[in-house]
Amino acid sequence: MADPRGRLRRTDTCGALRPKDAGRDVVLCGWVDSVRDHGGLLFVDVRDRYGITQVVFNPETAPGPFATAKTLRAEYVVALSGRVVERGSGNVNRGLPTGAIEIQAGFLEVLNTSEPLPFPPADESAASEEVRLRYRYLDLRRPRLQAILTTRHAILLAVRRYLDDQQFLEIETPILTRSTPEGSREYLVPSRVNPGRFYSLPQSPQIFKQLLMVAGFDRYFQIAKCFRDEDLRADRQPEFTQIDIEMSFLDAEMLFALVEGLMGEIFRTAGFVARAPFARLTYREAMDRFGSDKPDTRFGLELRDLTAGMEHSPFRVFAEAVARGGSVKALAIPGGGAWSRQKVDNLVDAAKGLGSKGLLWIRSNGGAIQSPLLKHLTEEGCRAVLRDLGAGPDDLVLLVADRWKSACSILGALRLQIGRTERLIPDGVHHPLWIDEFPLFERSEEGRLVSCHHPFTSPRSEDLPRLEAEPESVRALAYDLVLDGMEIGGGSIRIHRSDLQSRIFALLGIAPEEAESKFGFLLSGLRMGAPPHGGIALGVDRIAAILSGVSSIRDVIAFPKTASAIDLMTGAPGSVTPRQLKDLFIRLDVPTDGPKPDA
Ligand code: ASP
């Protein structure tokens, strides 16, 4: 138990000892969690990532260690030796796995002291997230975060085992690379040895994994770091980790089966069950029924479509929306008829915030109809709407008339809000599901065609004849994996022929010379024996967050960044010296009051 320098060597962890160990002489190492003075005896809780063990210092049997123990403060680092003894039945601490034993200390060595800490690590509420992130190494001492990072490790280990079993090879791809078109702004890295030229950090290994297929590595994966310079939210970080997968000679069904097996392993690791096959919805159905392309299907409250026949509605807003090709969508909320007027008005305001031109409602309060539509539809008309929707005498109905996608999305967002506030979402239940048949393109705000997934996604073969004539009606061989209302993965069958890839680039407005200069290496690969291939990427951070029951992915990342992309601990991004800039041939042109990202 002592190394040649006379130091104590750890024999057990602070979470290991049980009554069966009584009588053993052990050495524990760890942090002082608390010190309590009880009638002459000192009780010290020592903590490591495995648990907490109570150690007793007795001035009569071990006066030296007792005197040293009196100097201990929270978070000192100690090594101690002593005998494991069973606690009397009245003294068992049932809240601790080690609570039936304690150590009678025989020797104590203070390995390091600690300054008073900015916050006690164990008390979640004692400091703001900002302070915790600044001292992340203290925050990470919390058992909760240690448990989450342990789960994350277990998930990644399960992923590697499963994919290795399925003959996948883990292959790394470059971090210093060229533009990859996932639709976000990129991080650039100047090249000192190539003045004026820049690497991009990869938004994903997309093109490399496709070229690995061309090279014949028919089953590839990587736990890949990806970088996107986007505006951040609770579920986004500038750098994140994905399980990146690509396979040759596959169809979508093979990929679904593979990923369902993989998710089954991931779920099992985190203590849940994922039953395959997962539910599937087309993009159209998901929008129509749940108002989202990443629907939370853990609760009902489905949207309904009232468009049919509305072109003849006496209410002009409905008739005109439908005449313009739009839709009238409805959401019936059981029991909502008795909600306060304020609560309904709040929904109207929330809808405005979501871009709605006007959320309409009809409610039956014990059979009495109230609605801003009464004067347009009459009471009987309002009752007819309720009847159509199967709404009861105490229900509330929300209505939106707009372009199909907007009408669905607005009600979809309200559905989610109501699901949360009315506690309709069951705890501890997880719903994975696939969304497929996405459109290949959508229109950007300036009216250009842009890829919904990325430009390498294959169109469905049956839609190919319409590619140039009606590009927006063409569906993609793309799929998303959704878990509890979060997109946790997305992928597609790829284009493996350069002629089709060139047609897609042309539709996206990428001229042949531009395609050649940006993606020439991919196009030439596609011309040199590219097998049919496809793949997916699954977001590790989001999966770990959902399965750990936390709402922010910051909680599952050891050293995350804030919403303004700052690492509060290191201070990154930091300034650099004029000399460094000179070496890189860079001159700054930053407003004097500091950089303004979008200025
Ligand atoms: N590269 C895609 C992404 O990162 C995933 C894929 O298509 O495999 O979202």
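Every number for a ligand or one of its atoms is a count from 1 in the order of the listing. Bear in mind that the values here come from a model prediction, so they are computed numbers and not experimental data.
Ligand 1 places these atoms under 4.0 Å from at least one heavy atom of Gln242: 4 (O). Close approach to Ile536 involves these atoms of ligand 1, each under 4.0 Å from a residue heavy atom: 8 (O). Residue-ligand proximity, Lys209 to ligand 1, at heavy-atom distances under 4.0 Å covers atoms 6 (C), 8 (O). Of all atoms in ligand 1, numbered sequentially from 1 with element shown, those under 4.0 Å from a heavy atom of Ser204 are 1 (N), 4 (O). Of all atoms in ligand 1, numbered sequentially from 1 with element shown, those under 4.0 Å from a heavy atom of Arg228 are 3 (C), 4 (O), 9 (O). Less than 4.0 angstrom separates some heavy atom of Gly491 from each of these atoms of ligand 1: 6 (C), 7 (O).
When the heavy-atom distances from atom 5 (C) of ligand 1 to Gly490, Ala478, Gly534 are ranked, the shortest goes to Gly490.
Other residues, nucleotides and ligands contribute over 12 non-hydrogen atoms within 6.0 Å of the CG atom of Asp499.
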Practice problem: Dump the intermediate steps for salt bridge (charged side-chain N to carboxylate O under 4.0 Å, His left out) on Arg132 and Glu129, then the final yes or no. | Solution: CA-CA 5 Å; Arg132 289 187 171 281; Glu129 192 183 21; over 6 Å; no
Quiz item: Under the side chain to side chain contact (heavy atoms under 4.5 Å, CB included) criterion, do Leu149 and His153 qualify, and how do the steps go?
Solution: CA-CA 6 Å; Leu149 289 188; His153 158 81; over 6 Å; no
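Residue His453 has at least one nitrogen or oxygen atom sitting less than 3.5 Å from a nitrogen or oxygen atom of ligand 1, judged on distance alone. Backbone and side-chain nitrogen or oxygen atoms of Glu246 are examined, and none is located within less than 3.5 angstrom of a nitrogen or oxygen of ligand 1.
Both the backbone and the side chain of Ala537 come within contact range of ligand 1, each with a heavy atom under 4.0 Å.
For atom 7 (O) of ligand 1, the closest non-hydrogen atom on the protein side is Arg494 NH1, 2.7 Å. In terms of protein heavy-atom proximity, atom 1 (N) of ligand 1 is closest to Gln206 OE1, 2.7 Å. For atom 9 (O) of ligand 1, the nearest non-hydrogen atom of the protein is Glu182 OE1, 3.7 Å.
Taking the six-membered ring where tryptophan is involved, the planes of Phe456 and His454 are tilted, since the angle between them lies from 30° to 60°.
Contact of the Ile495 side chain with the Pro459 side chain is registered, since non-hydrogen atoms from C-beta on lie closer than 4.5 Å. Under the 4.5 Å side-chain criterion, counting only non-hydrogen atoms from C-beta, Tyr220 is in contact with Pro205.
Both the sub-6.0 Å distance and the 45° axial angle are not jointly satisfied by Arg197 relative to the ring of Phe585.
For the residue pair Ala401 and Val328, the shortest heavy atom distance occurs at CB-CG2, 4.1 Å.
Between the side chains of Tyr283 and Asp480, no donor-acceptor pair of N or O atoms lies under 3.5 Å.
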